Amino acid sequence: MTTDLLSGLNPQQREAVSAGEGPVLVLAGPGSGKTRVLTHRIAYLIREMGISPKHIVAVTFTNKAAAEMRTRADKILGGYTDGLQIGTFHSICARLLRIEADHLDGYNRDYTIYDTDDQIKVMKEALTELNVDTKKFSPSRVLFAVSSAKNELISPAEYPSIARDYFGEIVGRAYPIYQDRMRRNNAMDFDDLLMQTVILLRDNEEVRFKYQRRYEHILVDEFQDTNTAQYRLVKMLAAPQYNVFVVGDEDQSIYAFRGADYRNVAQFRKDYPEAHVVLLEQNYRSTQIVLDVARSIIDKNKHRTPKRLFTEKEGGALVAIHEAYSEGEEGEWVVDKIRSMIRFNGYSYKDFAVMYRINAQSRALEDAFKATGVPYRLVGGVAFYQRREIKDIVAYLKVINYPGDTVSLNRIFNVPGRGIGDKTVQAFHSWVDARGKGYEEAFKALAKGELIPISGRAGKSLVEFARMIINLREMAFPSDMPSFADGSTAQTPLTVIYDEIMASTGYIGYLTEISDTPEQVTERMENLKALRGLIDSKKDLALNEFLADVSLSTDADTNTTGGDPESANNVVTLLTLHAAKGLEYPVVFITGLEDGLLPHSRSFTDADEMAEERRLLYVGITRAEQHLFVSYAFRRSLYGESMPSIPSRFLADIPAELTEGAPTKIKGMADRQAYREMTRWDSDSDDGDSFARRSSSDNGSSSSGRSKIIYFDSAAGRGSSNSSGGSISKRTPPPPPAHPPSKYKVGMHVYSPKWGEGIIIDVRRSGGDEELSIRFSSAGTKTLMASFATLRIVNQGE
DNA sequence: CTGATTACGATTTTT
DNA sequence: TCGTAATCAG
Ligand SMILES: Nc1ncnc2c1ncn2[C@@H]1O[C@H](COP(=O)(O)OP(=O)(O)OP(=O)(O)O)[C@@H](O)[C@H]1O
């Protein structure tokens, strides 16, 4: 039943998939089937070349991509994939390090992975120890430098020699101390996972040979986003056969900020001059228009080798550019568009993705989705594992796993509150240090009541805490159970451990204490329930494995609103441009195309970073299969203050004939100054001829375009000082003359930012104002005062 | 040591 | 604007 692996592929793709042994480099633009080729290559190796799946390792960029690739490979091969390893560099390294922990200097198999917050705490301690002013040299800045060093495989000892200034000198001093503290906590950061693996493979021949044999074939997706450490790892594992198959696109390199260097692609060609290079030129994803727009953006980058890319999807919809008044209206516009395309063009929610440059932008978008009940899912971001309640419980798990994890320990000493303050904690730590026998032993001694280092109430609490930890640990790893030959011990099921933590800490009660609203309590309970569900789904993992899994997953935070739960998968996707890499959607919205946002202001001063911003937009655009919508807001609030914004300079690079909508007028408007002159809408003048008004509406749709939206600003709106001046009734201004109160009629469809869409069911005069009864589709019936309600008329009703 | 109040600072992007 | 770190009273 040899379904031909090559049948669904074009000649170039076939060439790549069926290449012989040795290095292969597939270089191609977006949507040309690189990932597909990689997946088929795995199948080809197994089925046609007779390679055992366990001798193959494929590296992807996210866990999600890994899961997807595994599913696809399974499908092609009909499940014959036992032992096939697919994962991110980080997860592959984490596993390797756990298995080879005995060869590591100062770590054991129960090592934990610290997230950014944990790292900051450790770095702060290190800087304090050095008497460095953490105001002047923030832990996160120093960490960034350390991280960059690790990505370049620069050790603490080597760092000082590359330090060029005072800051570098500080880093040079902090790095070794930080590293030492990490080791004492049996903790690694993300970069350590890579660097320690490289060091281990480099220095330990036996281990190196083992993995070179094990990973006979190595495949890397998104190769342009590897950093020095990762590439080094690839090279070491690929030797001595050099069966290394990498796919990438330099124009899609968007992770330079974490050390990725697309020049690794060029380096690959130098390192393996014999490499079989394959170029793919047909794009199967997007329309010609989308590709043209993408090209117009990326062409402006210097020092790139243009790639040929064609599609059979000629023509296509023009890219619609929309100017919204604010981020709030930008969100409303997106939602309106989505709803109308679903209603009239037969799309469903899952066909849409809304993208943005920074996570903070998601909020306004979410508000719009919530208000209308359009179901959505927010991808990535900080989300789940950063939540306080989750971090608390995970910290308990970490301490049970390894009591010497001081960062986790410090977190839970007084959570829930048990009267163990900072002083007590410090005293405890120095006591443990002085004894020099480690934390587990210290807790045991304390629990037995042998020694009490601290007097009084706090001391008593500490003893109780110690007992609890010892009991939990004993419960998790019963000592009367036999140890396995490999040194690991039998372990109580994870769910039982979880339940036991909840019970012995009384965490639920604590939760109610720390929450200010009942809703918050429910939300937090929900989160804990989700955590337990997650634990349950991985219940056969060892505790240390589970913890590693948790640390390495940035898993999409699923957040569905409005829609019926049955169609949980049919939702609109909200995600950052970074998170969008590798994905594709029929309809794509890219929001916030403003100078300062995209390109981000932090990139203004650096040409390389500006080029990366451009690539980021390029990646976003090329996610679109059929429709591309681009928007920017006229006014955007940052730090709570609404600030004027300028449309992205990138917009001017898109040829006018490929676009429709608002900013056709800024095409070719290279002179920013002149542009600014035209857009002095922040002045008080109400001359009705500003750029804002002229360039608003895009197409005939009544729901989009500022000029067609009718607003009734609330009386308490901006500008009126509410201190000494006049009574409330005095401050109620007459409604705008153009739109007298009688505007509202029974049967009208209106939209309120707060309640969503509704129908007016009653209008009553009341003094100089009107009382409106509105039945909202999702919020029930409300009665609002016309002058105080911010309503938009959706349509006049019949 | 706790709890509350205030002050400040932060925003790219992610494993 | 919002969340957390620092500060202070009890
Ligand atoms: N030979 C082919 N025939 C039909 N469809 C194809 C072919 N090759 C690829 N595709 C389709 O094209 C789309 C893009 O493929 P894929 O995601 O592998 O491209 P890619 O090069 O990895 O893209 P990107 O670099 O943007 O992530 C997918 O939907 C895929 O199924």
Side-chain angles (χ1 to χ4, degrees), chain A residues 59-66 87-94 113-117 119-121 124 134-135 138-141 144 147 150-151 188-195 222 225-227 229-230 253-260 327 355-364 379-383 385-386 388 413-414 416-425 454 456-458 461 513-514 516 548-556 575-581 592 596-604 606 609-610 612-613 615-617 619-620 636-643:
Chain A
V59 187
T60 59
F61 230 69
T62 62
N63 294 301
K64 201 169 136 214
T88 62
F89 276 109
H90 295 271
S91 68
I92 289 168
C93 288
I113 300 164
Y114 274 4
D115 68 12
T116 318
D117 288 346
Q119 290 184 63
I120 286 176
K121 289 193 182 118
K124 205 166 175 185
T134 53
K135 287 260 153 55
S138 74
S140 43
R141 264 183 72 210
F144 186 80
S147 169
K150 288 180 179 174
N151 287 328
M188 301 221 191
D189 60 30
F190 287 117
D191 309 306
D192 286 331
L193 295 173
L194 304 173
M195 182 161 167
E222 309 281 11
D225 276 320
T226 51
N227 62 34
Q230 291 166 336
S253 161
I254 52 175
Y255 283 98
F257 71 90
R258 67 176 209 212
E327 70 268 29
M355 304 175 187
Y356 38 84
R357 177 64 177 77
I358 66 173
N359 285 119
Q361 285 173 257
S362 71
R363 207 214 186 109
V379 172
V382 275
Y385 293 108
Q386 299 274 78
R388 179 171 178 179
F413 265 127
N414 209 26
R418 44 173 83 86
I420 302 177
D422 217 31
K423 272 257 181 63
T424 315
V425 169
I454 292 117
R457 258 200 313 274
S461 304
E513 257 171 59
I514 58 165
D516 339 288
D549 236 52
V550 164
S551 306
L552 293 174
S553 66
T554 179
D555 256 358
L575 74 183
T576 63
L577 289 161
H578 282 90
K581 191 165 72 154
L597 213 46
L598 184 61
H600 196 273
S601 50
R602 308 274 281 228
S603 303
F604 282 166
D606 183 309
E609 285 179 43
M610 281 302 278
E612 180 148 315
E613 297 285 318
R615 291 195 293 269
L616 200 48
L617 177 57
V619 166
R636 186 171 296 271
S637 24
L638 199 59
Y639 309 140
E641 219 168 2
S642 187
M643 292 280 290

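Proteins come first, then strands; the chains are lettered A, B, ... in the order of their sequence lines, and each starts at number 1. Since this is a predicted model, take the numbers as computed values, not measurements.
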#### Entry: dT13(B) versus dT4(C) - spacing of their C1' atoms, nearest Å
23 Å
### Message
Assess the residue pair Glu222(A) and Thr60(A) against the criterion (side chain to side chain donor-acceptor pair (under 3.5 Å)); give the C-alpha distance rounded to whole Å, side-chain angles, the decisive distance to 0.1 Å, and a yes or no.
### Response
CA-CA 7 Å; Glu222(A) 309 281 11; Thr60(A) 59; over 6 Å; no
Using a 3.5 Å distance criterion without hydrogens, assess whether the side chain of [X] forms a donor-acceptor pair with backbone atoms of [Y].
X         : Y         : result
Asp225(A) : Ala260(A) : no
Asp189(A) : Asp192(A) : yes
Arg615(A) : Ile254(A) : no
Glu327(A) : Ser637(A) : yes
Thr576(A) : Tyr356(A) : no
Glu609(A) : Asp606(A) : no
Asn151(A) : Arg258(A) : yes

Under-4.0 Å side-chain N/O to phosphate OP1/OP2 contact, [X] with [N]:
X         : N       : value
Asn414(A) : dT2(B)  : yes
Asn359(A) : dT11(B) : no
Ser91(A)  : dT15(B) : no

For [X] and [N], what is the distance between atoms [atom1] and [atom2] respectively, to the nearest whole Å?
X         : N       : atom1 : atom2 : result
Ile358(A) : dT13(B) : CD1   : P     : 6 Å
Gln386(A) : dT14(B) : CD    : P     : 12 Å
Arg602(A) : dT11(B) : CZ    : P     : 7 Å
Met643(A) : dT11(B) : CE    : P     : 18 Å
Leu597(A) : dT13(B) : CG    : P     : 10 Å
Arg418(A) : dT2(B)  : CZ    : C1'   : 15 Å
Arg615(A) : dT13(B) : CZ    : C1'   : 13 Å
Phe604(A) : dT11(B) : CZ    : P     : 18 Å

Please tell me which of the listed nucleotides, [options], lies nearest to the side chain of [X]?
X         : options                  : answer
Phe257(A) : dT15(B), dC1(B), dT13(B) : dT13(B)
Thr424(A) : dT14(B), dT11(B), dC1(B) : dC1(B)
His578(A) : dC1(B), dT13(B), dT11(B) : dT13(B)

### Query
For the rings on His578(A) and Phe257(A), is their centre-to-centre separation under 6.0 Å?
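Between His578(A) and Phe257(A), the centre distance is under 6.0 Å.
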### Task
Compute the ring centroids of Phe61(A) and Phe89(A), then answer whether they are less than 6.0 Å apart.
no
### Query
Dot-bracket for DNA chain B, 5' to 3', with Watson-Crick and G-U pairs under 3.5 Å, [ ] for crossing pairs and | for other-strand pairs: what is it?
||||||||||.....
With a non-hydrogen cut-off below 4.0 angstrom, is [X] in contact with a base, only sugar-phosphate, or nothing?
X         : answer
Ile420(A) : sugar-phosphate
Phe61(A)  : sugar-phosphate
Glu609(A) : base

## Note on the structure
Under a 4.0 Å heavy-atom criterion, the protein footprint on nucleotides 1-10 of chain C, written with B, S and -, is BS--------
### Task
Nearest-nucleotide wise, let me know which of Ser603(A) and Thr88(A) is further upstream toward the 5' end of DNA chain B.
Ser603(A)
### Query
How do Gly417(A) and Glu613(A) order along DNA chain B: which one's closest nucleotide is nearer the 5' end?
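Nearest nucleotide further toward 5': that of Gly417(A).
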